[in-house]
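I have placed the structure first, in the form of structure tokens, so that the comments after it can refer back to it.
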Amino acid sequence: MDSSSRPPSPSPAPSGSRGASNATQRWSILRRALLARSSSARAQEGISSDHQIKDDTYNISRKASCGFNLIECHSLPISQLAKSLGNSLNGNENDFGQKDVYVCYKLPCRDSSKLDLVYRKEDSLELNDIEASNKYNIDTTGLVCCWPSEEVLAYYCINHSDMFRSKKVLELGSGYGLAGLVVAASTNADEVVISDGNPQVAGYIQKNITLNAKTFGETKVKSMILHWDKEQASEILNTFDIIVASDCTFFKQFHEGLARTVKSLLKHSTTSQAIFLSPKRGDSLDKFLGVIKENGLCCELIENYDPTVWNLHKKYVAGEDRTWPNYDKEHCYPLLVRISYFSEI
């Protein structure tokens with residue numbers, strides 16, 4: 001979000017005590033979250049409001065509300081959506097709920113395209129979201145927020161728009177679909193399919209496609225519910241020139257399905273490729289690269305792929321920019337993985 005919406009950065013804990021402090025705060029957050037929400041329970045535990053929980057969460061979370069702040073955006077109440085878009089909603093105002101927030105992006109490209117996206121408000125997950133996750137064997141991360149790696153992927157696509165021209169493109173595990181929508185709006189791709197395995201997330205993707213339909217020009221854009229652990233429909237097998245994804249390698253139980261999905265959907269061509277942006281997150285990314293190779297695909301890992309992103313990363317690590325107080329390169333900085341059928345693209 002823009003800088004005016006950021007919470008003030010807390011003073012960082014001394015390096016020697018940060019690990020213990022973070023662990024203590026995590027247990028405190030969990031304990032408070034499990035308490036009954038009645039006023040008597042609050043009084044008994046000495047909790048007067050939710051502010052302390054939010055402060056503790058902000059202090060230890062590696063997620064930032066602004067990410068790398070590469071694409072100018074601002075959020076507004078969902079009630080502003082109809083006022084902003086006027087008649088283009090075509091009577092679909094009721095598709096948006098009280099838990100939704102409207103975010104307007106101004107893309108850093110020649111024609112200064114604008115994208116309007118609808119997200120869930122942060123911290124609005126409910127029990128039925130978890131139940132759906134268990135039912136479909138999916139995770140709920142796509143409903144949480146637009147993750148920093150997604151913003152970096154969108155920015156990368158804008159700066160490499162030529163590679164998408166006249167191509168058929170698929171975004172996997174897209175969440176709210178920022179990167180796929182950016183490709184559709186700014187690169188003259190032939191077709192963009194924006195997918196997620198979570199039906200609720202796919203619903204948001206379709207809403208965002210509808211909201212921005214006039215921005216896509218001749219590019220065909222559609223949403224898709226796509227599960228990595230299922231056989232894919234024959235009509236889409238090996239048809240995509242480019243596959244993109246961000247932060248999809250954290251859960252190791254999904255690695256095999258994700259690798260097989262890439263192999264089954266990527267076109268057999270010397271120029272086709274998949275571009276993944278993912279932090280290392282312990283050994284998760286390394287494990288995924290191993291699974292990719294086991295499935296007969298080639299991959300290349302690139303650390304420095306964009307000068308702007310790289311310079312921001314170095315400032316966060318050095319503490320020169322404190323807008324991301326718990327920035328950790330292992331969990332926050334997305335590395336670029338290029339996947340292909342052949343060793344040279």
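Values below: every heavy atom of this structure, side chains too, minus hydrogens, waters and symmetry copies. For clarity, every value in this text was computed on a predicted model and none was experimentally measured. We're numbering straight along the sequence, starting at 1.
For the pair C248 and S278, the tightest heavy-atom approach, listed with the atom from each and the gap, is N-OG, 3.7 Å. Here the closest heavy-atom approach between residue C73 and residue V103 is recorded as CB-CG1, 4.1 Å. Closest heavy-atom contact between T215 and S113: CG2-CB, 4.4 Å. Looking at every heavy atom in both residues, V101 comes nearest to S75 through CG2-CB, 4.0 Å. Heavy-atom minimum distance, I225 versus G197: CG2-O, 3.9 Å. When all heavy atoms of S272 and S340 are compared, the closest pair comes out as O-CB, 3.9 Å.
If you take CG on N326 and NE2 on H331, they are separated by 11.5 Å, rounding to the nearest 0.5 Å. Interatomic distance, CD of E330 versus CZ of R281, reported as 11.0 Å (0.5 Å rounding). The CG atom of L115 sits 4.5 Å away from the CG atom of L107 when rounded to the nearest 0.5 Å. Going from atom NZ of K167 over to atom CG of D162 covers 11.0 Å, rounded to the nearest 0.5 Å. Of the inter-residue distances, the one linking L265 atom CG with L172 atom CG reads 7.0 Å to the nearest 0.5 angstrom. Rounded to the nearest 0.5 angstrom, W147 CH2 and L178 CG are separated by 15.0 Å.
Side-chain contact between P108 and I158 is present, with at least one heavy-atom pair separated by less than 4.5 Å. A 4.5 Å side-chain heavy-atom check between K114 and K106 finds every atom pair outside the cut-off. The closest side-chain heavy-atom distance from Y305 to P334 is below 4.5 Å. The shortest side-chain heavy-atom distance between F164 and C157 falls under the 4.5 Å cut-off. Considering only heavy atoms from C-beta on, F216 comes within 4.5 Å of I209 through its side chain. Annotation: side chain of L70 is in contact with side chain of L312 (closest heavy-atom distance under 4.5 Å). Counting heavy atoms from C-beta outward, N208 and L181 have side chains that approach closer than 4.5 Å. Counting only heavy atoms from C-beta outward, the side chains of F68 and Y316 approach each other to under 4.5 Å.
Judged by distance alone, with hydrogens and angles left aside, the side-chain atoms of Y327 form no donor-acceptor pair with the main-chain N or O of D321 at under 3.5 Å. Remark: side-chain polar atoms of T219 are paired, donor with acceptor, to backbone N or O of A189 under 3.5 angstrom. Under a 3.5 Å cut-off, the side chain of E151 and the backbone N or O of N69 do form a donor-acceptor pair. Checked by atom type and distance alone, the side chain of D306 pairs as donor or acceptor with a backbone atom of V309 at under 3.5 Å. Judged purely by atom type and a 3.5 angstrom limit, T261 uses its side chain to pair as donor or acceptor with the backbone of W228. Panel note: side chain N212, backbone D116; a donor-acceptor pair is recorded below 3.5 Å. Between the side chain of E300 and the backbone N or O of I339 there is no donor-acceptor pair closer than 3.5 Å. E191 contributes no side-chain N or O that, together with a main-chain N or O of V221, makes up a donor-acceptor pair within less than 3.5 Å.
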Inset, instruction - Quick one: do M163 and Q273 satisfy side-chain contact (heavy atoms from CB on, under 4.5 Å)? Show the steps, please. - result: CA-CA 10 Å; M163 68 185 288; Q273 59 182 307; 3.6 Å; yes

Inset, instruction - Please assess R338 against L336 for the test side-chain contact (heavy atoms from CB on, under 4.5 Å), listing each intermediate value before the final yes or no. - result: CA-CA 7 Å; R338 181 177 287 117; L336 189 147; 4.3 Å; yes

Inset, instruction - Any chance you could lay out the side-chain contact (heavy atoms from CB on, under 4.5 Å) test for E303 and W310, step after step, and finish with the verdict? - result: CA-CA 8 Å; E303 185 178 23; W310 182 249; 3.5 Å; yes

Inset, instruction - Tell me, with the steps shown, if T187 and R165 meet side-chain contact (heavy atoms from CB on, under 4.5 Å). - result: CA-CA 6 Å; T187 70; R165 185 170 293 117; over 6 Å; no

Atom pairs and distances, side-chain donor-acceptor, residues 289-299, under 3.5 Å, sequence neighbours left out:
unit_1 : atom_1 : unit_2 : atom_2 : d
N295   : ND2    : E256   : OE2    : 3.3
N295   : ND2    : V291   : O      : 2.9

Side-chain donor/acceptor pairs under 3.5 Å, residues 235-243, sequence neighbours excluded:
unit_1 : atom_1 : unit_2 : atom_2 : d
N238   : ND2    : K263   : O      : 3.1
N238   : ND2    : S264   : O      : 3.2
N238   : ND2    : L266   : O      : 2.9
N238   : ND2    : Y341   : OH     : 3.2
T239   : OG1    : K168   : NZ     : 3.4
T239   : OG1    : I236   : O      : 2.8
D241   : OD1    : K267   : NZ     : 2.8
D241   : OD2    : K168   : N      : 2.8

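In this structure, E231 places its CD atom where only 12 or fewer heavy-atom neighbours from other residues, nucleotides or ligands lie under 6.0 Å away.
Relative orientation of the F254 and F251 rings is perpendicular, given thresholds of 30° and 60° on the angle between their planes. Ring orientation note: the planes of Y119 and Y176 are tilted relative to one another, at an angle of 30° to 60°.
Listed by first and then second residue, the salt bridge (charged side-chain N to carboxylate O under 4.0 Å, His left out) pairs involving residues 307-317 amount to none (not counting sequence neighbours). Note on residues 170-190: pairs passing salt bridge (charged side-chain N to carboxylate O under 4.0 Å, His left out), not counting sequence neighbours, are D190-K220.
Remark: K252 pairs with D283 by the side-chain hydrogen bond (donor to acceptor under 3.5 Å, both in side chains) rule, at least two apart or across chains. For S166, there are no side-chain hydrogen bond (donor to acceptor under 3.5 Å, both in side chains) partners at least two apart in sequence or on another chain.
For the pairing with F276, the side chain to side chain contact (heavy atoms under 4.5 Å, CB included) check across L301, L153, L258 returns one residue only, L258.
A cation-pi arrangement is present between K207 and Y204, with the terminal nitrogen or guanidinium carbon under 6.0 Å from the aromatic centre and inside a 45° cone about the axis.
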